[in-house]
Amino acid sequence: MILIFGGTTEGRIVSSVLDESGKEYYYSTKGAFQEVDLVHGERVSGAMTHEVMRDFIREKDIRLVVDAAHPFAAVLHKTIGEVTAELGIPVLRYERKYSERTGKVIECESYEEMIKKLEAQPCRRLLALTGVNTIAPLKPFWEKHESFFRILDRDDSREKAEAAGFPFSHIRYFHEGEDQALFDEIQPDAVITKESGESGFFEEKIAPALAAGVPVYMITRPALPEHYEYVYGPVGLRKAVERLCPDFFPLKTGFTTGSTATAATAAALHALLHEGEVLTEAAILLPSGEEVKLPVERVEKTELGYKAMARKYSGDDPDVTHLTEICSEVVLTTEHEGIRFLQGEGVGVVTLPGLGLEIGGPAINKTPRAMMETIVRRHYPTGGVDITVSIPAGRELASKTFNPRLGIIDGISVVGTSGVVKPFSSEAFVASIVRQADVAVALGADTIVINSGAKSEKYLKSAFPELPFQSFVQYGNFIGETLEKLALLSIPKIYMGIMLGKAVKLAEGNLDTHSRKVVMNKDFMHQMATDSGCSEAAHTLIDGLTLARELWTGLSPDDLERFMLRVLDACYEAAAKLVPKSELSLLLIDDDGNIRYTYPHDFLDKR
């Protein structure tokens, strides 16, 4: 079991990540004011003393604590640190992003230090953006100097202000986006705030004062217990939970080929810039902006630079590149001033338009290129750099991918739009569908034939021999996502081949037809049979079905036609709304490869 200490934006993110597991967990807050939508979590409210927290962790068999509480909840952090150290429980700190300390604000480690600096300025009119809990410790200052405090518009905040004896005439309430208006109203000669980070709107709070040349004083965030392990985003959190609580998530996540290549690039560049120093893990930035670290297995000097190898880890996603070696050689050059990607062993060559890549160049997609460029320029801001990505097993693996139909030869492509591989996700599959369609459009095709797999595609290619092979795209189980992507390309004509098992699922409105998501619904099939006027014998057959394909031989000719046409009508109703600008036709294929029924019903007659 996992225990989250939340009450912040970060707490919401942590709960949403843990909810993906389908497992129960606990979410603790001091008060009950924050609204949190917990799918599988149980809310626990009330402050926890050392004894209460210790007993709760023991009673609920807590194996991991995630501290996502406010950075200035010093008492809570201290208690978490003491209890978890006593019980030997690991702690993850889900940390927010903080602005770089540039010297533009005056740092203070305590309120006593802040008061001394304010009086030395001297400050006669203060705007405090530090919250209601700082009214009491700052009382020695505001009793002598005019001060305004911004607090949350809540009863408990007003009660605290009243208890401290602060005048309500000098209270202002927080409203997002009104920092400039408040500054203009108060016209302070000093502003104080906490180092609250990005989610605490730190930059927005101090911007008006800095622009006006008014001094800003900042209370620096308190130190956290030494045994905390830090994570900085949802991906890092999930990977840490997978490692510390292996049974919590049923499936493990991984990283894309592009992320792996970026880690190898980062390690090679580091060795190049630091006299051969070898990294065992390399930090990269995902497209979301989150920084994560990936392991690096080997770094070696080459004739002109350094080469590093990182191993692709796909988690529990069925990826043909899982555990494949991804290498990157980095060389500094004076031949050009930019970053150039060169052809490496096992990385495919682009031969067709539509991928947004140079024909004849390496098949490294835009997102992985941007990731590698970002990491290079972070450490080597200017100057020419050559990056050669190589995948020793790439040629062999290419035959197991969609690359040949994309016009990528001699290897695989370096891909990944998010940098992360979600287990059994549709992301990689749907991304390949988009790339196939892009190629077909670039070649002038006005018709895309989508189909569930190799078997149905073979039948459809025989039915439409006049179409180029790039026009045939496999959707697997992801009918809805495929159609949504094709809608963005405004394909004039879409033919969708479908076999009966998927058709009865789609007819019910299921746009992902994988057996993990949806099974054959006999009640729905009975409804289809009733709506189409089938005989009682059809209902008897449906009751005894094991597989939908048994309908082909079990129904009478009249019942078969009534039922199949009704199913196709329902399939069209479910699918057509996703591609409103395309002419959609459906082709129902039997087990022998024959197109038996269509929508429109006269589609074959008009061809």
Can you establish whether the number of heavy atoms outside [X] located under 6.0 Å from its atom [atom1] is more than 12?
| X | atom1 | answer |
| --- | --- | --- |
| Glu24 | CD | no |
| Glu109 | CD | no |
| Lys23 | NZ | yes |
| Glu162 | CD | no |

_Using side-chain contact (heavy atoms from CB on, under 4.5 Å), reason through His170 and Trp142 one step at a time and then give a plain yes or no._
CA-CA 11 Å; His170 281 52; Trp142 57 257; over 6 Å; no
Is there a donor-acceptor contact under 3.5 Å from the side chain of [X] to the main chain of [Y]?
| X | Y | answer |
| --- | --- | --- |
| Arg377 | Tyr380 | yes |
| His322 | Ser314 | yes |
| Tyr25 | Asp19 | no |
| Ser259 | Gly419 | yes |
| Glu290 | Gly236 | yes |
| Asp153 | Tyr173 | no |

Show the nearest heavy-atom pair for residues [X] and [Y], with the distance to one decimal.
| X | Y | value |
| --- | --- | --- |
| Gly276 | Tyr306 | CA-OH, 3.3 Å |
| Lys160 | Val132 | CB-CG2, 3.7 Å |
| Ile135 | Ile171 | CD1-CD1, 4.4 Å |
| Thr8 | His70 | CG2-N, 3.4 Å |
| Ile284 | Ile375 | CA-CD1, 3.9 Å |
| Ala68 | Val14 | CB-CG2, 4.0 Å |

Q: Take Tyr313 and Lys252 through the test side-chain contact (heavy atoms from CB on, under 4.5 Å) and record every step on the way to the result.
A: CA-CA 10 Å; Tyr313 178 74; Lys252 304 295 188 296; 4.0 Å; yes
Flag side-chain contact, heavy atom, 4.5 Å: [X] against [Y]:
| X | Y | result |
| --- | --- | --- |
| Ser328 | Ile387 | yes |
| Met53 | Glu82 | no |
| Thr134 | Phe72 | no |
| Leu224 | Glu95 | yes |
| Pro295 | Arg311 | no |
| Arg43 | Thr29 | yes |
| Thr193 | Phe202 | yes |
| Glu195 | Arg101 | yes |

Separation of [Y] [atom2] from [X] [atom1] (nearest 0.5 Å):
| X | Y | atom1 | atom2 | answer |
| --- | --- | --- | --- | --- |
| Ile192 | Tyr111 | CD1 | OH | 7.5 Å |
| Ile2 | Ser21 | CD1 | OG | 7.0 Å |
| Ile57 | Ile80 | CD1 | CD1 | 8.5 Å |
| His175 | Leu152 | NE2 | CG | 10.5 Å |
| Leu18 | Ile13 | CG | CD1 | 12.0 Å |
| Tyr27 | Ile4 | OH | CD1 | 7.0 Å |

If the threshold is 4.0 Å, N to carboxylate O, is there a salt bridge linking [X] and [Y]?
| X | Y | value |
| --- | --- | --- |
| Lys116 | Glu112 | no |
| Glu242 | Lys239 | yes |
| Glu113 | Lys117 | yes |
| Glu229 | Arg243 | yes |

May I ask you to decide if the ring planes of Tyr26 and Phe56 are parallel, tilted or perpendicular, using 30° and 60° as cut-offs? perpendicular
Just checking, any donor-acceptor pair under 3.5 angstrom between side chains of Ser390 and Glu329? no
Exercise for the section: Scan side-chain atoms only and decide if Lys312 and Thr324 contain a donor-acceptor pair under the 3.5 Å cut-off. Expected result: no
| request: Give the C-alpha distance, both sets of side-chain angles, the deciding distance and a yes or no for side-chain contact (heavy atoms from CB on, under 4.5 Å) between Val191 and Ile206. | output: CA-CA 8 Å; Val191 171; Ile206 67 174; 5.7 Å; no
task = List the steps, then state whether side-chain contact (heavy atoms from CB on, under 4.5 Å) holds for Glu204 with Glu176.
result = CA-CA 10 Å; Glu204 292 87 344; Glu176 188 174 338; over 6 Å; no
Which of Lys205, Arg172, Arg150 passes salt bridge (Lys or Arg N to Asp or Glu O under 4.0 Å) with Asp179? It is Arg150
